[in-house]
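Reviewing the structure listed below.
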Amino acid sequence: MSNPISILQDQVRAALASDTPLRLRGSGSKDFYGEVPRGSVLDTRGCAGVVDYEPTELVITARCGTRLADLEAVLAERGQMLACEPPHFGPDATVGGCVAAGLSGPRRAAAGSVRDFVLGVKLIDGNAEVMNFGGQVMKNVAGYDVSRLVCGSLGTLGLIAEVSLKVLPLPVEEATLLFRVSEAQALERLNQWGGQPLPISASAFYNGDLGVRLSGAGAAVRAARERLGGESIAPDAARTFWLGVREQTDPFFAGDEPLWRLSVPSIALPLDLPGRQLIEWGGALRWLKSTAPAAQVRDAAIRAGGHATLFRAAAGVGNVPVFNTLDATTMAIHRRLKQALDPKGIFNPGRMYPGL
Amino acid sequence: MGAIDTVEPGAVERDFSRVDRVALIAELRSILPPAALLVDHEDLKPYECDGLAAYREMPLLVALPDDETQVVAILKACRRLGVPVVARGAGTGLSGGAMPHKFGLLLSLAKFKRIIKVDPVARLAVVQPGVRNLAISEAASPYGLYYAPDPSSQIACTIGGNVAENSGGVHCLKYGLTVHNLLRVRGVTIDGEIVEIGNHALDAPGYDLLALITGSEGMLAVTTEVTVKLVPKPQLAVCLLAAFDDVAKAGNAVADVIAAGIIPAGLEMMDQGATVAVEEYVRAGYPLDAKAILLCEADGTPDEVAEEVERMKAVLGRSGATEMRVSRSEAERLRFWSGRKAAFPAAGRLSPDYYCYDGTVPRKRIAGLLEAIAELEKKYGLRCINVFHAGDGNMHPLILFDANVKGELARVEAFGAEILEMSVALGGTITGEHGVGFEKINQMCTQFRTAEIRAFHRIKAAFDPDGLLNPGKAIPTLNRCAEYGRMHVSGGQVAHPELPRF
């Protein structure tokens with residue numbers, strides 16, 4: 001039986017030989033994200049499976065085509081989790097897609113992003129070389145941190161064939177509290193609480209309701225509940241709510257208006273934009289459902305010290321770039337990095353920026 | 001330049017012997033006030049090494065700019081004249097990353113000492129690269145906040161150096177490395193272009209250049225400003241000291257703690273050689289008959305800590321701890337830690353010189369590695385005491401020697417090289433937190449194959465096409481790996497059979 005990574009490598013070689021751009025794809029759960037995918041589909045799902053998992057090492061290594069749900073089930077059996085709570089956006093989302101998209105869920109502000117948990121990758125670059133960067137240990141500073149560089153690069157720097165991720169124990173206890181406050185009050189409280197040793201693991205504000213999730217040791221959660229007050233939400237309802245925020249199945253995300261993702265400093269004041277907003281990550285992430293012109297949304301994000309991504313939009317929004325434009329120096333570095341790892345430009349051309 | 005352009009980046013060491021020192025002095029004098037440019041031998045001497053004193057080189061010149069405009073002008077001049085540039089913070093690094101280049105400029109960022117802003121609401125600090133690690137936590141302390149990564153040199157080491165090395169410390173298992181605690185780095189490329197990497201939000205558009213620049217050992221850009229995250233200080237910390245009559249049991253106990261779903265704030269291990277050495281020095285009260293001790297720290301609210309300490313005690317008891325002590329006061333907690341923190345000076349008292357290594361292995365391999373090190377002590381006739389960031393599998397063997405005895409340093413280097421190569425073979429890495437620098441450049445050829453080394457050089461060239469930033473560090477040339485491979489033929493296999501031999 002052939003090694004599944006060699007099979008991927010052969011496909012990349014063949015694409016190189018015939019000058020065929022490749023569209024790297026798992027289940028397609030994130031087809032909507034980034035610029036329009038182009039190229040001939042390379043399906044990663046044949047290269048699947050957990051390669052190594054030792055709970056006491058807090059590391060799991062899986063091939064790119066492994067279903068994220070399968071990986072999380074393996075971890076849950078041993079009382080562990082991917083602490084960045086990556087969204088799946090589909091039942092068959094893959095581990096490779098999760099790392100390539102680099103999107104994190106509600107726990108991000110407290111626990112870290114996908115890239116914070118990436119320890120190593122096996123990468124097939126644009127010369128069809130299979131390379132190992134990073135490893136399976138927590139601390140490793142040998143060589144440049146290519147494994148974290150490719151996280152969130154939307155597959156434009158290479159094919160992530162295998163990845164090692166740091167995992168963490170599931171919290172012993174969780175509780176969700178609800179507060180009825182204004183947007184300004186919610187932002188003020190979240191930033192105030194953020195500076196105190198409280199076990200806040202997620203927050204979401206929408207339309208006068210601020211939901212706060214506490215996770216940790218039983219004693220810590222109990223003490224925080226007493227201190228913060230608010231109304232307790234039943235565990236089942238809370239789970240459904242946070243899953244809805246993570247997977248964007250919450251009613252907030254319904255409707256045909258474009259969905260913008262504004263990543264701003266947590267202390268940014270309420271953003272005065274038309275449409276409706278849901279605030280996560282202690283104030284640092286603002287989801288906006290709005291038909292406002294792109295320039296208006298981007299200006300608001302930039303003025304607040306952040307950036308705006310056109311996260312989801314029905315076709316026909318016009319010629320709006322998905323991501324904020326980079327300054328000339330940074331863009332030049334991006335082009336040269338692309339050249340360094342994918343000189344012929346065969347991986348996901350244009351998925352992030354034109355020319356990358 | 002023609003000849004260089006035709007050679008792949010990083011194939012061979014570049015020859016900088018024709019750097020024009022006189023022309024460089026003339027250029028730099030037009031940029032810097034007289035006191036900020038050191039040219040005389042006795043002024044250059046203090047810069048000949050960093051924290052790794054075994055390797056020394058005199059720099060051509062030393063520049064001490066105090067603002068970013070000067071840094072830009074200096075880098076542009078060096079680029080134009082083809083002069084290597086080695087950036088330096090406090091010079092506490094342990095891998096020779098800031099060792100000068102014989103034909104290069106040493107660029108000291110020591111005057112960049114300003115804490116520009118501490119924002120307690122946004123929980124961040126904007127600082128210049130020459131600010132000391134501990135100074136950030138001190139400035140944040142009135143707000144109940146601190147900067148989490150705490151390398152053992154934190155009273156002296158600078159944040160610019162921490163960014164360059166992706167420094168760790170004793171609390172990284174729970175609180176992360178430097179890379180997890182940065183929001184933004186502002187730097188200058190060798191072209192004199194200013195790059196803003198990251199921002200004060202939780203992510204930035206484009207590639208994750210913040211991850212790439214962190215730990216890049218001064219090879220990609222020169223840092224001029226850094227924004228770090230600040231986190232709330234835990235209300236309470238308690239340290240549990242557990243003794244074991246067997247090193248393997250202590251190693252397994254580390255895995256048992258993790259398996260129980262506990263992430264201690266710190267989890268350190270010392271072998272008997274280390275505990276005996278430090279006990280004579282600081283009287284930490286360690287049990288001297290133990291083959292190994294673990295220091296296991298819980299932090300959080302008082303209730304949370306009490307709960308976690310009980311869980312730790314239960315686990316460590318089952319793992320065969322022969323004795324357990326829980327710190328009853330902050331003074332006692334600090335006393336437990338005093339021994340661990342004094343390991344390096346204690347080694348310095350035992351022996352005229354010591355050499356600290358820095359590999360990482362999977363936790364389950366700790367005991368095996370310690371046994372192997374004991375064998376190597378016999379093989380090389382040298383003593384080695386061991387301290388570990390056990391929670392991360394990051395070990396610091398301290399090999400004791402006397403540099404005045406002819407041939408001892410060479411034996412130490414061979415001993416250390418075996419430890420590092422064994423770490424790679426056990427599924428680990430040659431450096432957990434000290435960086436490759438000059439010291440571990442050969443072992444890079446063991447950890448990586450030619451394909452990765454080539455990719456590293458192409459990434460370097462994306463920032464620094466002429467290879468002027470810190471040449472000879474971090475990433476070995478292909479030529480060097482070919483030479484090293486020829487010396488180290490293992491199991492009849494040459495490491496890089498595909499390379500031409502020079």
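Chain A is the first sequence line, chain B the second, and so forth, proteins listed ahead of strands; every chain is numbered from 1.
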Original post:
Name the one of Thr429(B), Asn394(B), Asn166(B), Asp358(B) that satisfies side-chain hydrogen bond (donor to acceptor under 3.5 Å, both in side chains) with Lys139(A)?
Top reply: Asn394(B)

**OP:** Give, for atom CD1 of Ile279(A) and atom OG of Ser266(A), the distance between the pair rounded to the nearest 0.5 Å.
**Re:** 11.0 Å

Subject >> From CE (Met138(A)) to CZ (Phe117(A)), nearest 0.5 Å >> reply: 10.0 Å

Check ion pair [X]-[Y] (N to O, under 4.0 angstrom):
{"X": "Lys174(B)", "Y": "Asp299(B)", "result": "yes"}
{"X": "Arg148(A)", "Y": "Asp208(B)", "result": "no"}
{"X": "Glu57(A)", "Y": "Lys364(B)", "result": "no"}
{"X": "Glu8(B)", "Y": "Arg458(B)", "result": "no"}
{"X": "Lys473(B)", "Y": "Glu217(B)", "result": "no"}

Original post:
According to the interplanar angle, ranging from 0 to 90°, do the rings of His434(B) and His396(B) count as parallel (below 30°), tilted (30 to 60°) or perpendicular (above 60°)?
Top reply: parallel

Identify which of [options] forms the greatest number of heavy-atom pairs closer than 4.5 Å to chain A.
{"options": "Asn199(B), Leu202(B), Thr360(B)", "answer": "Leu202(B)"}
{"options": "Ile459(B), Ile194(B), Val436(B)", "answer": "Ile459(B)"}
{"options": "Glu304(B), Arg123(B), Glu307(B)", "answer": "Arg123(B)"}
{"options": "Glu452(B), Met219(B), His457(B), Gln447(B)", "answer": "Glu452(B)"}
{"options": "Pro120(B), Gly428(B), Ala204(B), Pro9(B)", "answer": "Ala204(B)"}
{"options": "Leu209(B), Thr214(B), Leu145(B), Thr301(B)", "answer": "Leu209(B)"}

Taking every heavy-atom pair that is under 4.5 Å apart, which of [options] has the most such pairs with chain B?
{"options": "Ala308(A), Gly194(A), Gly306(A)", "value": "Gly194(A)"}
{"options": "Gln339(A), Arg261(A), Lys338(A)", "value": "Arg261(A)"}
{"options": "Asn191(A), Asp145(A), Val172(A)", "value": "Asn191(A)"}
{"options": "Gly195(A), Gly79(A), Cys151(A), Pro343(A)", "value": "Gly195(A)"}
{"options": "Gly282(A), Ala223(A), Ser263(A)", "value": "Ser263(A)"}
{"options": "Gly135(A), Ser113(A), Gly143(A)", "value": "Gly143(A)"}

Under 4.5 Å from a heavy atom of chain B, the part of [X] involved:
{"X": "Glu54(A)", "answer": "side chain"}
{"X": "His307(A)", "answer": "side chain"}
{"X": "Ala224(A)", "answer": "neither"}
{"X": "Val150(A)", "answer": "neither"}
{"X": "Tyr144(A)", "answer": "both"}
{"X": "Arg108(A)", "answer": "side chain"}
{"X": "Leu198(A)", "answer": "neither"}
{"X": "Ala284(A)", "answer": "side chain"}
{"X": "Leu149(A)", "answer": "both"}
{"X": "Arg222(A)", "answer": "side chain"}

Original post:
Can a donor-acceptor pair be found between the side chains of Tyr143(B) and Asp119(B) at a distance below 3.5 Å?
Top reply: no

Original post:
Do Thr330(A) and Asp327(A) have side-chain N/O donor and acceptor atoms under 3.5 Å apart?
Top reply: yes

Considering only heavy atoms, which portion of [X] lies under 4.5 Å from any heavy atom of chain A: side chain, backbone, both, or neither?
{"X": "Lys233(B)", "answer": "backbone"}
{"X": "Pro362(B)", "answer": "both"}
{"X": "Val257(B)", "answer": "neither"}
{"X": "Ala474(B)", "answer": "neither"}

Original post:
Considering all heavy atoms of both residues, which atom of Phe456(B) and which atom of Val146(A) are nearest to each other, and what is their separation?
Top reply: CE2-CG2, 3.9 Å

Original post:
More than 12 heavy atoms of other residues, nucleotides or ligands under 6.0 Å from CZ of Arg336(A): is that the case?
Top reply: yes

Original post:
Is it true that a side-chain atom of Gln192(A) and a backbone atom of Arg189(A) form a donor plus acceptor pair closer than 3.5 Å?
Top reply: no

**OP:** Flag the pair Tyr207(B) / Tyr353(A) as yes when their ring centroid distance falls below 6.0 Å, and as no otherwise.
**Re:** no

